[in-house]
Colleague: 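Can you read through this structure? Questions will come right after.
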Amino acid sequence: MRDGLSIPQFGLGVYDMSAKQTYAAVRTALSAGYKHVDTAEWYYNEADVGRALNDHLKETGADRSDYFVTSKLMRNRSYAAALADLRASLERAKLDYFDLYLLHSPIGGPAVRSEVWRALVDAKAEGLVRSIGVSNFGVRHLDEITTELPAVNQVDLHPWMRHEDIVAACEARGILLEAWAPLARGLKFDDPALVRIAKKHGRDKAQVLLRWGLQHGFIVIPKSVSPARIASNAEVFDFVLDDEDMQALDGLDEYLVTDWDVVDVE
Ligand SMILES: NC(=O)c1ccc[n+]([C@@H]2O[C@H](COP(=O)([O-])OP(=O)(O)OC[C@H]3O[C@@H](n4cnc5c(N)ncnc54)[C@H](OP(=O)(O)O)[C@@H]3O)[C@@H](O)[C@H]2O)c1
């Protein structure tokens, strides 16, 4: 919780899904009890996320305020462009507000970063977004922010990419950490330590990785288009990894980049 931000610690990521897959996955997830969806201008599926949520609300009578939608600004260009891009995202999604809006990356240099961050602060004051944050910000980028602090920093976080310096800097400032690629994109499902711990608990490997993130206090947003995996990924609140499991997973860090790595850009 930061500045009144109450963010569900578990959500659905929708990167790399077609329009059709996005609509179906979000409908499945919301019906299965997910409350939180993570999209972005860059994923080109804000419209499908918004349509799925609005259809869900219409059919169930549920309240918009019970759900949490994040989107992200693709390009850091200028104050005016940031506000225009945010408004365009809201229009595409047919939503009155996003619960959380992030700078997708620090790319653009210090002057532009400062300008677009100011745009987000103003967008929040205007009610276009409830909370604001950043993504892929390294320690140097966090150090630059002297006005309102981001509520979250969304970075790649899994046992093979622990970003300990960024995690420590965020924790010291009270910035929540959101883990993208919490399943390491499935690239490490053969890791012997992960296989052993999954077997020990009688759980699947994805569930063990999600527990690792949750037990570190991270917000996790696994992506899946499979209804069975959307359901099983959410079944992570009825078991606990012990200290030995956590230490074994913590020891796997190898700076594995699963997608992009911009935490050190100027
Ligand atoms: N801010 C950023 O720069 C950034 C970058 C990347 C991602 N993200 C966000 O983080 C979310 C999650 O990250 P991600 O999509 O990169 O990777 P991820 O969630 O770590 O992994 C997704 C992959 O794992 C598979 N999978 C899902 N559940 C599984 C299970 N139970 N067993 C086996 N395989 C499973 C998925 O395939 P199926 O779909 O076939 O199940 C997909 O191939 C994204 O969707 C996006 O919202 C943000």
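When a ligand or atom number is given, it counts from 1 through the structure's own listing order. Side-chain atoms are counted along with the backbone in the values below, which use heavy atoms only and exclude waters and symmetry mates.
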Colleague: Tell me, which protein residue and heavy-atom name are nearest atom 33 (C) of ligand 1, and how many Å apart are they?
Modeller: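 The closest one turns out to be F189 CE1, 3.3 Å.
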Colleague: Could you tell me the residue and atom name of the protein heavy atom closest to atom 46 (C) of ligand 1, and the distance to it rounded to 0.1 Å?
Modeller: Y43 OH, 3.3 Å
Colleague: Over 60° means perpendicular and under 30° means parallel, so classify the ring planes of F239 and H201, tilted if in between.
Modeller: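 It falls in the tilted class, 30° to 60°.
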Colleague: Identify, for atom 31 (N) of ligand 1, the protein heavy atom at the shortest distance, and state residue, atom and that distance.
Modeller: N233 OD1, 2.9 Å
Colleague: Less than 3.5 Å between some nitrogen or oxygen of A181 and one of ligand 1, yes or no?
Modeller: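 Looking only at distances, the answer is yes, because the N/O contact criterion of under 3.5 Å is met.
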Colleague: Looking only at distances, can you tell me whether any N or O atom of K72, backbone or side chain, sits closer than 3.5 Å to an N or O atom of ligand 1?
Modeller: no
Colleague: For atom 14 (P) of ligand 1, what is the nearest protein heavy atom, given as residue, atom name and distance?
Modeller: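 For this ligand atom, the closest protein heavy atom is R185 NE, 3.5 Å.
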Colleague: Centre of F98's six-membered ring, under 6.0 Å away, within 45 degrees of the axis: is that where NZ or CZ of R130 sits?
Modeller: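 No - R130 does not lie over the ring of F98 by the 6.0 Å and 45° rule.
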Colleague: With no hydrogens and no angle check, just 3.5 Å: does a side-chain donor-acceptor pair link H104 and N136?
Modeller: no
Colleague: Would you say the side chains of D55 and Y23 form a donor-acceptor pair under 3.5 Å?
Modeller: yes
Colleague: Look at the aromatic rings of H216 and W212 and report parallel, tilted or perpendicular, splitting at 30° and 60°.
Modeller: perpendicular
Colleague: Under 3.5 Å, is there a donor on one side chain and an acceptor on the other for S89 and E46?
Modeller: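 On atom types as modelled, these side chains qualify, holding a pair under 3.5 Å.
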Colleague: Which residue owns the protein heavy atom closest to atom 44 (C) of ligand 1, what's the atom, and how far is it?
Modeller: Y15 CB, 3.5 Å
Colleague: Would you call R173 and D143 a salt bridge, taking side-chain N to carboxylate O under 4.0 Å as the test?
Modeller: yes
Colleague: Please work out which of the three classes, parallel, tilted or perpendicular, describes the rings of Y15 and Y43, given edges at 30° and 60°.
Modeller: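 Answer is tilted, since the angle falls between 30° and 60°.
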Colleague: If we ignore angles and hydrogens, is there a donor and acceptor under 3.5 Å between the side chains of T39 and N45?
Modeller: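 Judged by distance alone, the side chains do pair up.
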Colleague: For S105, which part has a heavy atom under 4.0 Å from ligand 1: side chain, backbone, both, or neither?
Modeller: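 No part of S105 is near ligand 1 at this cut-off.
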Colleague: Would one find an N or O of S226, backbone or side chain, under 3.5 Å from an N or O of ligand 1?
Modeller: no
Colleague: Just do the side-chain contact (heavy atoms from CB on, under 4.5 Å) check on S105 and W260 with the steps written out, would you?
Modeller: CA-CA 10 Å; S105 88; W260 65 335; 3.5 Å; yes
Colleague: What are the atoms of ligand 1, with element, lying closer than 4.0 Å to any heavy atom of A206?
Modeller: 30 (C), 31 (N)
Colleague: So, F218 versus H158, ring centres under 6.0 angstrom or not?
Modeller: no
Colleague: Could you tell me which atoms of ligand 1, counted from 1 in the order shown, lie closer than 4.0 angstrom to a heavy atom of D38?
Modeller: 9 (C), 46 (C), 47 (O)
Colleague: Atom 36 (C) of ligand 1: which protein heavy atom is closest, and how many Å away?
Modeller: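 That would be K223 O, 3.6 Å.
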Colleague: Which of the atoms in ligand 1, numbered in the order shown and given with their element, are less than 4.0 Å from a heavy-atom of N136?
Modeller: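 Near N136, the atoms of ligand 1 are 1 (N), 2 (C), 3 (O).
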Colleague: Starting from atom 5 (C) of ligand 1, which protein heavy atom do you reach first, and at what distance in Å?
Modeller: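 Atom 5 (C) of ligand 1 sits closest to the protein heavy atom W180 CD2, 3.2 Å.
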Colleague: Is D204 close enough to touch ligand 1? Criterion: a residue heavy atom under 4.0 Å from a ligand atom.
Modeller: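 Contact absent.
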Colleague: Say whether V225, considering both its backbone and side-chain N or O atoms, lies within less than 3.5 Å of an N or O atom on ligand 1.
Modeller: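 Yes, V225 has an N/O under 3.5 Å of an N/O on ligand 1.
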Colleague: Look only at interatomic distance and state if L183 has a nitrogen or oxygen under 3.5 Å from any nitrogen or oxygen of ligand 1.
Modeller: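 Looking only at distances, the answer is yes, because the N/O contact criterion of under 3.5 Å is met.
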Colleague: Considering only non-hydrogen protein atoms, determine which one is nearest to atom 29 (C) of ligand 1 and report residue, atom name and distance to 0.1 Å.
Modeller: R229 CD, 3.1 Å
